[in-house]
Amino acid sequence: MTAKPIVSPKFPADLLQNRLPHHIAVIMDGNGRWAQRRGLPRIMGHQRGVDTLKSLLRCCNDWGISALTAYAFSTENWGRPLEEVEFLMTLFERVLRKELKEMMEENVRIRFVGNLASLPASLQEEIDRSMADTQNNTGIQFTVATNYGGRQEIVHACQAIAQKVEAGLLKTEEIDETVLEKHLYTAGLSYPDLLIRTSGEMRISNFLLWQMAYAEIYVTPTLWPDFDQAELHKALLDYQQRERRFGKI
Ligand code: IPE
Ligand code: IPE
Ligand code: MG
């Protein structure tokens, strides 16, 4: 009897399995430009971007990466034209409803982070359902940052901590990094090892400010809808060349 391979047979031979990032975060940027270059409305880029995310999630799950976090909508993205914002909210809801079955089959655990209470009620219902249904799955931890802002997350954590101090449940001198991280939306999730940003912008746009302190950053000019398995492979090869020093020598 032959032993079952640990990861998918498609796993690239030139990657080291024991040097993969445990957690990849992605800033899925460039959907609008992708569409505009084709003379299409921006929303078509968002539509295509969903397919990219689906394939990336499947690939990460197959290759044994334990967590993927995707930036879907920032607290600043409300400043876009109403039509685009409404399209995105409807798209998130539609995709969640349609993909839940497949996520169950693929053993994905989905979680949303951000100020979820300000999202449309019907979207919140789909979010709650997807998180509840998949919570006992044991495959990849898939986190979607929606109405997420790193600064807002830290303020929210500070408020929650201050309330505990006021209620006498916590002393000021007990507040340390561990306490703060337990009050972030991402509590319990490991920090990203690798941040990938598509479409060339060299910034983090208010994404996971606390959590990203020691992430390796990879920026590619490829626009998000074109970010495929070969692009992930390139990012991982680049990551495996890095020497992560964490301030040491
Ligand atoms: C990223 O693509 C998706 C979201 C922010 C929702 P963009 O919509 O920012 O695309 P560009 O940057 O305008 O090309
Ligand atoms: C970051 O992309 C937010 C998401 C991908 C959801 P943006 O397109 O909003 O970022 P900026 O405006 O270029 O910094
Ligand atoms: Mg953008």
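Numbering of ligands and ligand atoms starts at 1, following listing order.
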Q. Under 2.8 Å from the Mg ion (ligand 3), which protein atoms of type N, O or S occur, listed by chain and number?
A. Asp29 OD1

Q. For ligand 1, is Ser199 a contact, meaning one of its heavy atoms is under 4.0 Å away?
A.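 Judged by the 4.0 Å heavy-atom criterion, Ser199 does not count as contacting ligand 1.
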
Q: Mark the output for Ser74 as yes if a heavy-atom distance to ligand 1 is under 4.0 Å, and as no if none is.
A: no

(Q) Under 4.0 Å, heavy-atom basis, I'd like to know which part of Phe207 is in contact with ligand 2: side chain, backbone, both or neither. (A) neither

Q) Do the side-chain N and O atoms of His23 and Thr69 include a donor-acceptor pair separated by under 3.5 angstrom? A)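 His23 vs Thr69: donor-acceptor pair found between side chains.
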
(Q) Can you see whether Arg111 engages Thr134 through a side-chain donor-acceptor pair at a distance of less than 3.5 angstrom? (A)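 There is no such pair (donor and acceptor under 3.5 Å, judged by atom type) between the side chains of Arg111 and Thr134.
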
Q) Can a salt bridge be assigned to the pair Glu243 and Arg245 using a cut-off of 4.0 Å between side-chain N and carboxylate O? A)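 Counted as a salt bridge, because a side-chain N and a carboxylate O are separated by less than 4.0 Å.
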
Q | Shortest reach to atom 14 (O) of ligand 2 by a heavy atom, considering only Ser205, Ala72, Ala145, Gly30 | A | Ser205

(Q) Regarding atom 12 (O) of ligand 1: of the candidates His46, Arg37, Gln36, Arg33, which has the closest heavy atom? (A) Arg33

Q) Could you give all pairs that pass the salt bridge (charged side-chain N to carboxylate O under 4.0 Å, His left out) test and reach residues 127-150, with sequence neighbours left out? A)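 Found Glu126-Arg129.
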
**Q.** Polar proximity ligand 2 side, Arg80 side, N/O cut 3.5 Å exclusive
**A.**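 N/O-N/O distance under 3.5 Å: yes.
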
Q | Distance-only N or O hit between ligand 2 and Tyr71, under 3.5 Å | A |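 Tyr71 vs ligand 2: no N/O contact under 3.5 Å.
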
